[in-house]
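The structure under discussion appears below in the form of structure tokens.
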Amino acid sequence: MKKTLSILLCILILFSVIGAATGACAAGVSITQGKDSLVAQWKGGADYGLDYRYYSPVTSDEDTVKYPLVVLLHGKTSGSYEGEQLLSSEFYNWSSSEFQARFAETAGAFILMPRTPGSDTNNWSQSTYHGKLKNLIDSFIAANAKNIDTQRIYLGGWSMGGAGVISVASKYPNFFAALIVMAPFDTVSQDQVNALRDTPVWLVTCKNDTTASYVSFAQPFWTKLRNTTNIPSFCRATIFNKYPYYDTGNHFVHRAVAADMLGQPSDSGMKTTDAKGRTVEINESSTMITWLSAQRLGQAKEEICHCDCHKTGSTAKFSWWFRCLFYRIFAPSKKLCSCGEKHW
């Protein structure tokens, strides 16, 4: 009798575990269920003169997990009506169970998408929106204080939103743990880049962008960042040769980010490097979300190299050049620099 009761008890426990697991899976929406099902998960609100859409990974009052928060700023043509910033960008994909699972540690994240009010001509780079946006983010964090990790607040944006990311983050340099800058539509000052020298940044752009000129905007920003950042291994740039798949002007590279950088057209010429110029392979274990969610405020550190190759002065530079020439001929496998780079 006791043996029978034990067996029945084990069966009940097994079914309860299966039921719990099934319930957990059912709480998320698969990307295969399509746009309408994904968008239905999002809620809306308004504060500080900005309306917004947001996704929450929290499914019950008992959930005490501290999730990261991703804030995304729309482009000029993606905010003409309330909710367009979500509906037209495909970032609703990030609320799918598959994409949420890629967030490190928590397998989930909050996503907040504010909108500049009035019309699509408003610009996130304008200082009038900086305080409003920061107040909105602070208010959202306060309202979800139990479940937001304030060491993992991320800011991303495309087109005018990409430029807004740089201007806002440079104004609050110790607030965002990492940045996604997509096809930025504005010039960037050296002072702004200086403020980001310790912040991980991933730039996504296209060389043949006819809306936000690569030569005028993205390229100068990446050059300044590479020459300024203290954490080159933590910064990345994805550069497409062409990206005319959503507009003829090769501008909508944010769609690649909305797809988490996977499955991009083979003829796009997509190439990703870090700020040291080293190639970064993008695959299922190395996506935008996995990179982003691995960053924590103030955590990115690199040993600053003080080898001859980085010294100023004609004597030191000549000595370094001569040693490189010598080893290139007689010992090509030798590394001169403690930073691990081969300089020839």
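Predicted model, so just to flag it, every value in this text is computed and none were measured.
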*Would you mind listing every ring pair (Phe, Tyr, Trp, His ring centres under 6.0 Å) that reaches into residues 185-210, with sequence neighbours excluded?*
F185-F217, W202-W291
*Which heavy-atom pair separates Y55 from W42 by the least distance, and what is that distance?*
N-CE3, 3.6 Å
*Any chance you could lay out the side-chain contact (heavy atoms from CB on, under 4.5 Å) test for D267 and K242, step after step, and finish with the verdict?*
CA-CA 8 Å; D267 64 342; K242 63 176 184 176; 3.3 Å; yes
_Under the criterion side-chain contact (heavy atoms from CB on, under 4.5 Å), I'd like the reasoning laid out for R53 against Q85: C-alpha separation, chi angles, the key distance, then a yes or no._
CA-CA 8 Å; R53 290 289 189 270; Q85 71 274 31; 4.2 Å; yes
*Is a side-chain N or O of D149 found less than 3.5 angstrom from the main chain of P68, in a donor-acceptor match?*
no
*Heavy-atom donor-acceptor pair, Q264 side chain to L262 backbone, under 3.5 Å*: yes
_Side-chain (D51) to main-chain (A46) donor-acceptor, under 3.5 angstrom_ = no
_Which residues share a ring-ring contact (aromatic ring centres under 6.0 Å, His included) with F175, sequence neighbours left out_ = none
*Any side-chain heavy atom of P184 within less than 4.5 Å of one from L203?*
yes
*Ignoring hydrogens and angles, tell me if any N or O in the side chain of H254 forms a donor-acceptor pair with the backbone of A183 under 3.5 Å.*
no
*Heavy-atom closest contact (Q100 atom, P57 atom, distance)*: OE1-CB, 3.8 Å
*asked:* So does P265 get a backbone contact from the side chain of S268, meaning a donor-acceptor N/O pair under 3.5 Å?
replied: yes
*Quick one: CD1 on I137 to CD1 on I153, what's the gap to the nearest 0.5 Å?*
8.0 Å
*Considering non-hydrogen atoms only, spot the tightest contact between A212 and D209 and give its length.*
N-OD1, 2.9 Å
_Same cluster or not: F140 versus L155, using hydrophobic residues (I, L, V, M, F, W, Y) connected whenever any side-chain heavy atoms lie under 4.5 Å apart?_
yes
*Does A145 offer a backbone N or O that forms a donor-acceptor pair with the side chain of K66 under 3.5 Å?*
yes
_Considering all heavy atoms, the nearest W94-V70 contact_ = CZ3-CG1, 4.2 Å
*Can any side-chain N or O of Q41 pair as donor or acceptor with the backbone N or O of V39 at less than 3.5 Å?*
no
*Find the distance between OG1 (T64) and CG (N147) and round it off to the nearest 0.5 Å.*
7.5 Å
*asked:* Parallel, tilted or perpendicular, judged at 30° and 60°: which one describes the rings of F91 and W158?
replied: parallel
*salt bridge (Lys or Arg N to Asp or Glu O under 4.0 Å) involving R226 - partner list, sequence neighbours excluded*: none
*Mark yes when over 12 heavy atoms from residues, nucleotides or ligands other than K132 sit less than 6.0 Å from its NZ; otherwise mark no.*
yes
_Would F176 and T199 count as a side-chain contact (heavy atoms from CB on, under 4.5 Å) here? Give the steps._
CA-CA 8 Å; F176 300 103; T199 303; 5.5 Å; no
*asked:* I need the minimum non-hydrogen distance between S95 and I111, along with the two atoms involved.
replied: N-CD1, 4.2 Å
*For residues 247-261, pull every pair meeting salt bridge (charged side-chain N to carboxylate O under 4.0 Å, His left out), keeping only residues two or more places apart or in separate chains.*
E90-R255, R102-D260
*To the nearest 0.5 angstrom, please state how far the OG1 atom of T205 sits from the CZ atom of F221.*
10.5 Å
N/O donor-acceptor pairs under 3.5 Å from side chains in residues 159-167, not counting sequence neighbours:
residue : atom : partner : partner atom : Å
S159    : OG   : H251    : NE2          : 2.8
S167    : OG   : H130    : NE2          : 3.4
S167    : OG   : A163    : O            : 3.4
S167    : OG   : G164    : O            : 3.1

*Check for a donor-acceptor pair, side chain of K35 on one end and backbone N or O of L87 on the other, with a separation under 3.5 Å.*
yes
*Apart from I231 itself, what residues make up its hydrophobic cluster when side-chain heavy atoms of I, L, V, M, F, W and Y under 4.5 Å apart count as a link, directly or indirectly?*
F234
*Who pairs with K146 by salt bridge (Lys or Arg N to Asp or Glu O under 4.0 Å), at least two apart in sequence or on another chain?*
none
*For R152, does its backbone N or O pair with a side-chain atom of Q295 as donor and acceptor, under 3.5 Å?*
no
*Given side chains that start at C-beta, do those of M113 and H74 come closer than 4.5 Å, heavy atoms only?*
no
*Side chain of Q192, backbone of V188: donor and acceptor closer than 3.5 Å?*
no
*asked:* Applying ring-ring contact (aromatic ring centres under 6.0 Å, His included), can you list everything that pairs with W222, at least two apart in sequence or on another chain?
replied: none
_Under the rule for ring-ring contact (aromatic ring centres under 6.0 Å, His included), what residues qualify as partners of F103, not counting sequence neighbours?_
none
*Quick one: which of N230, T229, N174 gives a side chain to side chain donor-acceptor pair (under 3.5 Å) with D198?*
N230
*Can you find a pair of side-chain heavy atoms, one from M261 and one from M270, that are under 4.5 Å apart?*
yes
*Reported OG1-to-NZ distance for the pair T116 and K76, which is rounded to 0.5 angstrom*: 11.0 Å
*Counterpart residues, salt bridge (Lys or Arg N to Asp or Glu O under 4.0 Å), relative to R197 (two or more places apart)*: none
*asked:* Can you list everything that forms a salt bridge (Lys or Arg N to Asp or Glu O under 4.0 Å) with E98? Sequence neighbours excluded, please.
replied: none
*Do you know which of T272, V253, V181, I239 makes side-chain contact (heavy atoms from CB on, under 4.5 Å) with V204?*
V253
*Can you tell me how far the CD atom of E302 sits from the NZ atom of K276, to the nearest 0.5 Å?*
5.0 Å
_Quick check: closest heavy atoms across P114 and L133, and the distance to 0.1 Å?_
CG-CD1, 3.7 Å
*Using the test ring-ring contact (aromatic ring centres under 6.0 Å, His included), find all partners of Y243 that sit at least two apart in sequence or belong to another chain.*
F240, Y245
*Starting at CD1 of I141, measure out to CD1 of I148 and round the result to the nearest 0.5 Å.*
5.5 Å
